[in-house]
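What you see is a predicted model; the values in this text were computed from it and never measured. Residue indices begin at 1 and follow the sequence shown.
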Amino acid sequence: QVQLVESGGGSVYAGGSLRLSCASAGYSDLPKCMGWFRQAPGKEREKVALIYYGGDYPYYADSVKGRFTISLHNAKNMVNLQMNNLKPEDAGIYYCAVDSFVGGSSTCTGTTETNFRYWGPGTQITVSS
């Protein structure tokens, strides 16, 4: 049974930083694609950052480029998201996801949420102005 657990959520003021971590257990398929999605109140869930098993060429949503950094620790089956210079529009529930896709890095970073089978329960981020 695959389990994902997010941690590191919380409340910050605009301009602050948070670091999210996601630990996965029970998932051993390779190559794997892991990443983060978020959902703000009243909005659809959106892709924030994805990273392929090899760690090359991660994907970032345009709204977070230059502020967020995704990293993958394969040995620990963990994916992290360092979020700097947070803005109120970054608030929402952040979800970790993992799966494997044929096609390599480009398939991983180009995929959508509907293709991920495994999800964490989510962690809340609040950013006050």
Side-chain angles (χ1 to χ4, degrees):
Q1 183 178 359
V2 178
Q3 289 187 322
L4 302 178
V5 179
E6 303 100 338
S7 61
S11 299
V12 296
Y13 286 103
S17 297
L18 286 172
R19 182 178 176 87
L20 302 182
S21 294
C22 173
S24 66
Y27 188 83
S28 59
D29 291 351
L30 290 175
K32 61 185 173 187
C33 178
M34 292 188 76
W36 297 90
F37 294 77
R38 69 185 180 189
Q39 187 167 21
K43 295 186 177 181
E44 294 185 353
R45 188 156 53 184
E46 64 173 339
K47 186 165 64 175
V48 176
L50 291 176
I51 190 166
Y52 181 61
Y53 173 72
D56 297 329
Y57 309 112
Y59 164 89
Y60 295 100
D62 288 342
S63 59
V64 306
K65 282 180 181 177
R67 300 187 296 120
F68 290 13
T69 303
I70 189 170
S71 59
L72 182 64
H73 196 306
N74 285 312
K76 294 184 178 180
N77 291 318
M78 291 185 67
V79 62
N80 301 310
L81 186 67
Q82 178 65 42
M83 306 184 294
N84 297 329
N85 190 21
L86 283 160
K87 303 177 180 180
E89 52 264 40
D90 293 318
I93 301 175
Y94 281 67
Y95 299 91
C96 174
V98 66
D99 215 317
S100 295
F101 308 107
V102 174
S105 177
S106 61
T107 301
C108 166
T109 56
T111 196
T112 62
E113 64 167 300
T114 57
N115 293 320
F116 283 88
R117 292 175 292 170
Y118 306 108
W119 293 85
T123 185
Q124 179 75 49
I125 302 295
T126 303
V127 185
S128 302
S129 57

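Summarising the local packing, OH of Y53 is surrounded by 12 or fewer heavy atoms from other residues, nucleotides or ligands at distances under 6.0 Å.
Looking at V102 and T107, their side chains never come closer than 4.5 Å, going by heavy atoms from C-beta outward. Put simply, the side chain of L20 reaches to within 4.5 Å of the side chain of M83, judged on heavy atoms.
To the nearest 0.5 Å, atom CD of residue Q124 and atom CZ of residue R38 are 12.5 Å apart. Expressed to the nearest 0.5 Å, how far CD of E89 lies from OG of S63 amounts to 8.0 Å. Going from atom CG of L50 over to atom SG of C108 covers 5.5 Å, rounded to the nearest 0.5 Å. In this structure, the separation between OH on Y57 and CD1 on I51 is 12.5 Å, given to the nearest 0.5 Å. Taken to the nearest 0.5 Å, the OG1 atom of T111 stands 11.5 Å off from the OH atom of Y59. Here the SG-CH2 distance, from C96 to W119, works out to 9.0 Å after rounding to the nearest 0.5 Å.
A tilted orientation is assigned to the rings of F68 and Y94, their planes being inclined by 30° to 60°.
The cluster map of Ile, Leu, Val, Met, Phe, Trp and Tyr, joined by side-chain heavy atoms under 4.5 Å apart, puts V79 and F116 in different clusters. V2 and F101 are not part of a single hydrophobic cluster, where members link through side-chain heavy atoms under 4.5 Å apart. Both I125 and Y60 belong to a common hydrophobic cluster when Ile, Leu, Val, Met, Phe, Trp and Tyr are linked at side-chain heavy-atom distances under 4.5 angstrom. A chain of hydrophobic side-chain contacts below 4.5 Å, direct or via other Ile, Leu, Val, Met, Phe, Trp or Tyr residues, connects W36 to L72. A single hydrophobic cluster is seen to contain both M34 and L81, as judged by linkage of ILVMFWY side chains at heavy-atom distances under 4.5 Å, directly or through other members.
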**OP:** Let me see the working for N80 and Q82 under side chain to side chain donor-acceptor pair (under 3.5 Å), right down to the final yes or no.
**Re:** CA-CA 6 Å; N80 301 310; Q82 178 65 42; over 6 Å; no
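Closest non-hydrogen pair, R19 versus S71, comes out as NH2-OG, 4.2 Å.
Partners of R67 according to the side chain to side chain contact (heavy atoms under 4.5 Å, CB included) rule, which considers only residues two or more places apart in sequence or in another chain, are V64, N85, K87, D90. Applying the side chain to side chain donor-acceptor pair (under 3.5 Å) criterion to K65, with sequence neighbours excluded, gives D62. Checked against side chain to side chain contact (heavy atoms under 4.5 Å, CB included), N77 has the following partners two or more places apart in sequence or in another chain: S24, K32. Evaluation of the ring-ring contact (aromatic ring centres under 6.0 Å, His included) rule for Y52 yields no partner, not counting sequence neighbours. Residues forming a side chain to side chain donor-acceptor pair (under 3.5 Å) with S105 (at least two apart in sequence, or on another chain): none.
Among residue pairs with one or both ends in residues 1-29, those qualifying as ring-ring contact (aromatic ring centres under 6.0 Å, His included) are Y27-Y118; sequence neighbours excluded.
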